> 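Please find one structure pasted underneath; my questions will follow.
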Amino acid sequence: MGVVQKFFIASLFMWSVPLAILYAFNHNLLSGISNLSPYSMTLVSGFLAVISVNIVIAFYIYLAMREPADKHEPDPKFLAEAKASINQSTGDAQQSSQPLKKQQ
């Protein structure tokens with residue numbers, strides 16, 4: 001599965017799971033929560049919603065860490081241009097420092 005698809009699915013779950021938890025608590029869809037006070041129900045549902053987002057994030061990180069590192073190789077043209085720009089910028093810095101030495 002592609003990286004973008006994994007990100008999209010994880011983002012979808014980060015929005016839908018907490019909303020489903022809050023909806024289930026507010027509409028008494030879970031058995032045993034009807035005897036809780038409204039204050040307790042709000043606290044428990046909010047806490048579970050936050051925990052669910054963290055679980056989704058941890059699962060997404062786990063999937064990203066399992067991604068093979070050798071699968072992704074940078075574009076050779078991009079690398080050549082980057083090296084050339086680095087060499088050019090260091091050459092410019094050395095040339096601009098020489099007039100300062102002459103002035104001193």
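These numbers were taken from a predicted model, which means no experiment stands behind them.
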> Transitive ILVMFWY cluster of Tyr60 at side-chain heavy atoms under 4.5 Å: who else is in it?
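The other cluster members (ILVMFWY side chains, heavy atoms under 4.5 Å, direct or chained) are Phe7.
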> Kindly give the cluster partners of Ile55, where membership spreads through any ILVMFWY side chain lying under 4.5 Å from a current member.
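Phe47, Ile51, listed by chain and number.
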> Quick one: pull up OG in Ser11 and CE in Met14 and give me the separation to the nearest 0.5 Å.
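With rounding to 0.5 Å, OG (Ser11) is 4.5 Å from CE (Met14).
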> Report all side-chain donor-acceptor pairs from residues 15-22 shorter than 3.5 Å, counting only partners two or more places apart or in another chain.
{"unit_1": "Ser16", "atom_1": "OG", "unit_2": "Leu12", "atom_2": "O", "d": "2.9"}

> Is there side-chain contact between Phe25 and Leu48, with heavy atoms separated by less than 4.5 Å?
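Counting from C-beta outward, Phe25 and Leu48 do come under 4.5 Å.
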> Which heavy-atom pair separates Ser45 from Thr42 by the least distance, and what is that distance?
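Looking at all heavy atoms of both residues, the shortest contact is OG-O, 3.1 Å.
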> How long is the straight-line distance from CZ of Arg66 back to CD1 of Ile61, given to the nearest 0.5 Å?
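It is 15.0 Å, given to the nearest 0.5 Å.
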> Run through the side-chain heavy atoms of Ile, Leu, Val, Met, Phe, Trp and Tyr, join any pair under 4.5 Å, and report what else lands in Val50's cluster.
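None; Val50 is a cluster of one.
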> For residues Met41 and Val44: do they belong to one hydrophobic cluster (side chain heavy atoms under 4.5 Å, members Ile, Leu, Val, Met, Phe, Trp, Tyr)?
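Per the 4.5 Å side-chain linkage, Met41 and Val44 are co-clustered.
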> Are Val4 and Phe13 connected, step by step, through hydrophobic side chains (Ile, Leu, Val, Met, Phe, Trp, Tyr) whose heavy atoms are closer than 4.5 Å?
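Different clusters: Val4 never reaches Phe13 through Ile, Leu, Val, Met, Phe, Trp or Tyr contacts under 4.5 Å.
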> What residues, two or more places apart in sequence or in another chain, satisfy side-chain hydrogen bond (donor to acceptor under 3.5 Å, both in side chains) together with Ser40?
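Partners of Ser40 under the side-chain hydrogen bond (donor to acceptor under 3.5 Å, both in side chains) test: Ser37.
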> With a cutoff of under 4.5 Å between side-chain heavy atoms, which Ile, Leu, Val, Met, Phe, Trp and Tyr residues group with Tyr23?
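Once heavy-atom contacts under 4.5 Å are chained together, Tyr23 belongs with Leu29.
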> Heavy atoms only: give me the nearest Lys6-Leu63 pair and the separation to one decimal.
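Result for this residue pair: NZ-O, 4.2 Å.
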